[in-house]
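Lettering follows sequence order; numbering is per chain, from 1. Note that the structure is a prediction, hence the values are computed from the model and not measured.
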Amino acid sequence: MLSKKDTQYAIDQMGELFPEAECELTHSNPFELLIAVVLSAQCTDALVNKVTPKLFAKYKTPEDYVQVPLEELQEDIRSIGLYRNKAKNIKKLSQSLLEHFDGQVPREREQLESLAGVGRKTANVVTSVAFGEPAIAVDTHVERVSKRLGICRWKDNVRQVEETLMKKIKKEDWSDAHHRLIFFGRYHCKAQAPKCPTCPLLDMCREGKKRMKKSMVEA
DNA sequence: AACTCGGGGCA
DNA sequence: TGCCCAGAGTT
């Protein structure tokens, strides 16, 4: 397992590599962000950003989503995939906001998680990006990078990965670290073809060194 | 823990 | 073509 110091160093290096790392979902308020993040499950931000301009022009409030027929909302987001469930969740979620939160997006992670289509990952993104609360959202990229580098253990579950990251990273860096880990995972430490040969973290990366050794043998 | 939803991107 | 993707809910 990587030490706290090495972990912070790794996060810093990711920042050097991707200084632009931040949430890429287009939104102009917490409610729009919530909708965008719910839509982004299992698809790219670019895809979500293709439908949100029209979507946010048409739907401004939770009431708008509650009132629209399900089939119409499904058609509006058809191109992003998983659209049937996502449309149902957005209608349910909007209803809950009206019933329990006075139509406002709650700040607390636990309250966010009570909403349809919002799990721990989505709740963490919303609370940190929309409200600036410290949180580390663990998605497949964050999990993969953390395990390859040895920040956490290979057999850790998502919850354990999150706890370890929070323990090893200074609280004020959580939000930045979250996005750096994601950019690093998406563009550099990719699932299929990680760029180990040009990686600034190769020296401290167990998985990277293993892969380099393997590629030497195969060559 | 495994399964399902799903169109788009990429090799 | 086949495989994977900024996940969550159900069984």
Side-chain angles (χ1 to χ4, degrees), chain A residues 11 14-15 17-18 20-27 30 32-55 65 70-71 73-97 105-106 109-131 133 135-148 151 153-162 165 174-195:
Chain A
I11 301 294
M14 292 175 199
L17 227 45
F18 301 102
E20 75 283 16
E22 60 180 7
C23 180
E24 291 183 310
L25 293 169
T26 56
H27 64 280
E32 287 187 358
L33 176 68
L34 175 61
I35 300 296
V37 182
V38 167
L39 290 178
S40 77
Q42 291 299 98
C43 74
T44 62
D45 288 355
L47 199 54
V48 175
N49 288 340
K50 278 202 278 188
V51 304
T52 45
K54 271 191 291 181
L55 198 68
Y65 289 107
L70 177 61
E71 295 73 19
L73 182 54
Q74 288 175 331
E75 197 55 38
D76 288 336
I77 63 171
R78 171 179 282 283
S79 63
I80 67 170
L82 301 179
Y83 61 93
R84 280 184 274 258
N85 282 337
K86 286 176 182 177
K88 286 181 194 169
N89 286 336
I90 286 172
K91 282 181 68 68
K92 269 197 236 175
L93 158 172
S94 299
Q95 184 66 43
S96 299
L97 288 182
V105 179
R109 208 204 59 225
E110 198 170 313
Q111 295 175 324
L112 286 164
E113 273 190 279
S114 73
L115 301 171
V118 179
R120 194 179 183 84
K121 185 257 172 183
T122 298
N124 278 337
V125 172
V126 172
T127 198
S128 67
V129 174
F131 300 117
E133 300 285 347
I136 299 178
V138 177
D139 56 39
T140 56
H141 292 312
V142 174
E143 182 173 356
R144 182 181 64 255
V145 169
S146 299
K147 290 183 176 182
R148 281 181 176 169
I151 294 174
R153 301 177 211 279
W154 271 109
K155 51 184 174 182
D156 283 350
N157 59 32
V158 179
R159 183 63 177 275
Q160 292 171 311
V161 175
E162 184 182 325
L165 285 168
W174 285 0
S175 295
D176 282 340
H178 156 225
H179 289 111
R180 291 176 183 183
L181 284 161
I182 287 168
F183 272 64
F184 184 69
R186 194 195 318 166
Y187 299 118
H188 193 94
C189 192
K190 298 189 284 189
Q192 267 64 20
K195 303 180 177 180

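Nucleic acid contact for Val118(A): sugar-phosphate only, since backbone atoms but no base atoms lie under 4.0 Å from a heavy atom of the residue. Among the protein residues, Gln192(A) comes within range of the sugar-phosphate backbone only, with heavy atoms under 4.0 Å from sugar or phosphate atoms but none that close to a base. Across all strands shown, Ala137(A) has no heavy atoms under 4.0 Å from either base or sugar-phosphate atoms. If you check every strand for non-hydrogen atoms under 4.0 Å, Leu115(A) touches sugar and phosphate atoms only.
To the nearest 0.5 Å, the span separating CD on Gln74(A) from CD on Glu71(A) amounts to 6.0 Å.
Atom-to-atom, CG of Leu112(A) to P of dG7(C) comes out at 18 Å; the value is rounded to the nearest Å. Atom CG in Leu25(A) sits roughly 12 Å away from atom P in dA6(C) (whole-Å rounding). Atom C1' of nucleotide dT10(C) and atom CG of Asn89(A) are separated by 12 Å, given to the nearest angstrom. Taking atom CG on Asn124(A) and atom P on dG7(C), their separation rounds to 13 Å, with Å as the unit. In this structure, Lys88(A) places its NZ atom 11 Å from P of dT10(C), rounding to the nearest Å. Atom CD in Glu22(A) sits about 18 Å away from atom P in dA6(C), given to the nearest Å. Rounded to an integer number of Å, the gap from Phe184(A) CZ to dA6(C) C1' is 17 Å. Distance, His141(A) NE2 to dG7(C) C1': 12 Å, rounded to whole Å.
Taking atom P on both nucleotides, dT1(C) is separated from dC5(B) by 23 Å, rounded to a whole Å. Distance check on atom P: dT11(C) versus dG6(B) gives 16 Å, rounded to whole Å. Annotation: dA2(B) and dA6(C) have their C1' atoms spaced 22 Å apart (nearest Å). Rounded to whole Å, the separation between the P atoms of dG8(B) and dA8(C) comes to 22 Å.
Under 4.0 angstrom from either OP1 or OP2 of dA6(C) there lies at least one side-chain N or O belonging to Thr140(A).
The one candidate from Ile35(A), Asn85(A), Leu70(A), Leu55(A) that meets the side-chain contact (heavy atoms from CB on, under 4.5 Å) condition with Ile90(A) is Ile35(A).
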Any chance you could list the contact pattern along nucleotides 1-11 of chain B? Use B for base contacts, S for sugar-phosphate-only contacts and - for none, protein heavy atoms under 4.0 Å, 5' to 3'. ----BBSSS--
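A salt bridge does not link Arg109(A) to Glu133(A): none of the charged side-chain nitrogens sits closer than 4.0 Å to a carboxylate oxygen. In summary, Glu75(A) and Arg78(A) engage in a salt bridge, as defined by a charged side-chain N under 4.0 Å from a carboxylate O. The pair Arg186(A)-Glu24(A) meets the salt-bridge criterion, since a charged nitrogen lies less than 4.0 angstrom from a carboxylate oxygen.
Counted within 6.0 Å of CD on Glu20(A), heavy atoms from surrounding residues, nucleotides or ligands total more than 12; the atom is thus considered enclosed. Other residues, nucleotides and ligands place no more than 12 heavy atoms under 6.0 Å from the NZ atom of Lys92(A).
Each of Glu113(A) and Arg144(A) lies near DNA chain C, and the nucleotide nearest Arg144(A) is the one positioned closer to the 5' end.
Note on ring orientation: taking the six-membered ring where Trp is involved, the planes of Phe18(A) and Tyr187(A) are tilted (angle from 30° to 60°).
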